[in-house]
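Before any comments, here is the structure.
Just so it is clear: chains get the letters A, B, ... in the order the sequence lines come, proteins before strands, and each one is counted from 1. Because only heavy atoms are used, hydrogens play no part in the values below, and waters and symmetry mates are left out as well, while side chains stay in.
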Amino acid sequence: MTGTPHPHDERCLEFFKKLSEYIDEELDEESCRKIEKHVEDCAPCQACLETLKATTGLCRRLKEKPVPAELSDRLKKMARELAI
Amino acid sequence: MSTNPRKSSTRNNQNDTELVRAIQSGQVDLFPELVLRYERKLYNFGLRMCRDVNDAEDLVQDTFLNVFKYINGFRHEAKFKNWLYKIATSVCLKKRRQKKYEPERTLSLEDFLPRDEAEMVRQTPDWATIPLDQLLNEELADQLNTAIHALPPKYRLVSVLRDIEGFSTSETARILDISSTNVKVRLHRARFFLREELKNYFEHDRNTPSAR
Ligand SMILES: [Zn+2]
């Protein structure tokens, strides 16, 4: 496994800290390019990025539960009483 | 459900502004409409923030009571929805203080770093390469919801507001009265926490065979 970066490689660490900002497109272009270049050569960081991206994407896809009818009725009643 | 949330949010905000202004100008009979518009969002927010269904229901009710009480003080400087979540968040934090929960745990990024070469993941695992809509079945959604509940509250708040409710970093900062940097730090750690839970699930606990 020659060329495999050490887990505490400084470039990997720097990457590790900025990963969420990268996913959220909150970094400037230069930082983005640096990260993309690093990921090309560093399989562990690539894996880290993909799993974090998937985690974030799954959160965004969670579905909402419907409001129980009993609660909805209670809220309606409360709102009407307030509005009098 | 399939509409682009970013596109529809501008229109929703316009509708909210009109409705809220009407209520502020004395048409309080429109308040039930405002409740109807946001009861589902708030109930789901409550479910994620409180473990208990009854607490979630109380959160919705108390939030709307406060909205009614303070609506004339809302100056339209932010979107109504953001103001609403600010109230919901403070209701939620107040409830927590009343219940005297154990002190909050702090998540450190170092905890999520591989400790040695052997712990390093060298290749993207299969689950992270499957299209997400295909991957997210009911069992996985349950796992993820459980993981979100396991987040210490201050991280959970940020995670829910950013990644589930879809607020931006600066909106979340304003809702929580913390800095944008702080939002980013908490979100980053929360995501690593959730990723760890998902990794464990896919490596050890999953009942179903590989989705491929
Ligand atoms: Zn690396």
Side-chain angles (χ1 to χ4, degrees), chain A residues 1-10 12-27 39 42-84, chain B residues 1 23 28-36 39-44 47-48 53 57 60-61 64-65 68 109 112-117 119-125 127-130 132-133 135-136 140-141 144-145 148 159-160 162-164 166 169 184 187-188 191-192 194-195 197-199:
Chain A
M1 279 264 171
T2 45
T4 306
H6 190 268
H8 298 293
D9 185 304
E10 232 170 85
C12 295
L13 270 180
E14 200 194 316
F15 167 87
F16 189 74
K17 283 181 195 145
K18 289 185 175 166
L19 215 41
S20 275
E21 284 175 285
Y22 176 73
I23 291 172
D24 296 333
E25 297 177 9
E26 291 177 331
L27 291 176
V39 169
C42 182
C45 281
Q46 167 101 50
C48 189
L49 172 62
E50 293 307 324
T51 48
L52 200 68
K53 235 195 224 169
T55 304
T56 307
L58 289 171
C59 285
R60 290 182 179 153
R61 281 169 175 77
L62 283 176
K63 291 197 177 65
E64 288 182 343
K65 288 199 166 69
V67 180
E70 184 269 326
L71 173 64
S72 195
D73 288 346
R74 188 146 48 97
L75 290 172
K76 203 185 290 169
K77 196 164 163 262
M78 180 193 83
R80 284 207 191 118
E81 275 165 15
L82 285 171
I84 293 170
Chain B
M1 265 322 247
I23 294 168
V28 286
D29 55 316
L30 292 174
F31 188 66
E33 199 181 318
L34 195 63
V35 170
L36 201 59
E39 61 180 16
R40 185 174 169 129
K41 286 248 120 228
L42 283 185
Y43 177 62
N44 278 275
L47 284 181
R48 298 199 192 288
V53 178
E57 297 196 353
V60 182
Q61 191 167 326
F64 281 126
L65 280 171
F68 188 81
L109 213 48
F112 302 112
L113 279 172
R115 262 170 289 273
D116 51 44
E117 295 272 341
E119 264 194 20
M120 263 171 73
V121 179
R122 290 173 202 286
Q123 214 188 343
T124 306
W127 66 268
T129 65
I130 298 168
L132 298 176
D133 290 318
L135 183 67
L136 188 61
L140 179 58
L144 190 50
N145 279 322
I148 292 169
S159 167
V160 168
R162 285 283 288 114
D163 283 344
I164 294 175
T169 299
K184 288 182 186 180
L187 179 64
H188 196 45
R191 283 175 177 172
F192 269 103
L194 297 178
R195 184 189 77 132
E197 300 286 309
L198 289 181
K199 258 168 71 181

Chain B heavy atoms under 4.5 Å from [X]: which part of the residue, side chain, backbone, both or neither?
X      : result
E50(A) : both
C45(A) : neither
L49(A) : neither

Considering all heavy atoms of both residues, which atom of T124(B) and which atom of A47(A) are nearest to each other, and what is their separation?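 Smallest interatomic distance, heavy atoms only, reads OG1-CA, 3.4 Å.
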
If you take all heavy atoms of V67(A) and Y43(B), which pair is closest and at what distance?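 Scanning both residues, the minimum pair turns out to be CA-CD2, 4.0 Å.
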
Quick one: which of [options] has the most heavy-atom pairs under 4.5 Å with chain A, could you say?
options                          : answer
D133(B), L42(B), D29(B), V160(B) : D133(B)
V53(B), V60(B), L65(B)           : L65(B)
L36(B), V28(B), N44(B)           : N44(B)

Please state whether the side chain, the backbone, both or neither of [X] comes within less than 4.5 Å of a heavy atom of chain A.
X       : answer
I148(B) : side chain
L47(B)  : side chain
L194(B) : both
V121(B) : both
L109(B) : both
L30(B)  : neither
Q123(B) : backbone
K199(B) : neither

Verify the distance criterion only: is there a donor paired with an acceptor across the side chains of T51(A) and R195(B) at less than 3.5 Å?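 Yes.
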
Taking the side chain from D163(B) and the backbone from R60(A), do they hold a donor-acceptor pair closer than 3.5 Å?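 Not confirmed, D163(B) side chain does not pair with R60(A) backbone.
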
Please check: side-chain N/O of H188(B) versus main-chain N/O of F16(A), any donor-acceptor pairing under 3.5 Å?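 Answer holds: yes.
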
Return the orientation label for the F112(B) and F192(B) ring planes: parallel under 30°, perpendicular over 60°, tilted otherwise.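 F112(B) vs F192(B) ring planes: parallel.
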
D24(A) and K184(B): CA distance, side-chain angles, deciding distance, salt bridge (Lys or Arg N to Asp or Glu O under 4.0 Å) verdict: CA-CA 10 Å; D24(A) 296 333; K184(B) 288 182 186 180; over 6 Å; no

To the nearest 0.5 Å, atom CG of L187(B) lies from atom CD of E26(A) at 8.0 Å

Only pairs under 3.5 Å count here: list side-chain donor-acceptor contacts from residues 74-84 of chain A, not counting sequence neighbours, and write none if there are none.
unit_1: R74(A); atom_1: NE; unit_2: E70(A); atom_2: OE2; d: 3.2
unit_1: R74(A); atom_1: NH1; unit_2: Q61(B); atom_2: OE1; d: 2.7
unit_1: R74(A); atom_1: NH2; unit_2: E57(B); atom_2: OE1; d: 2.7

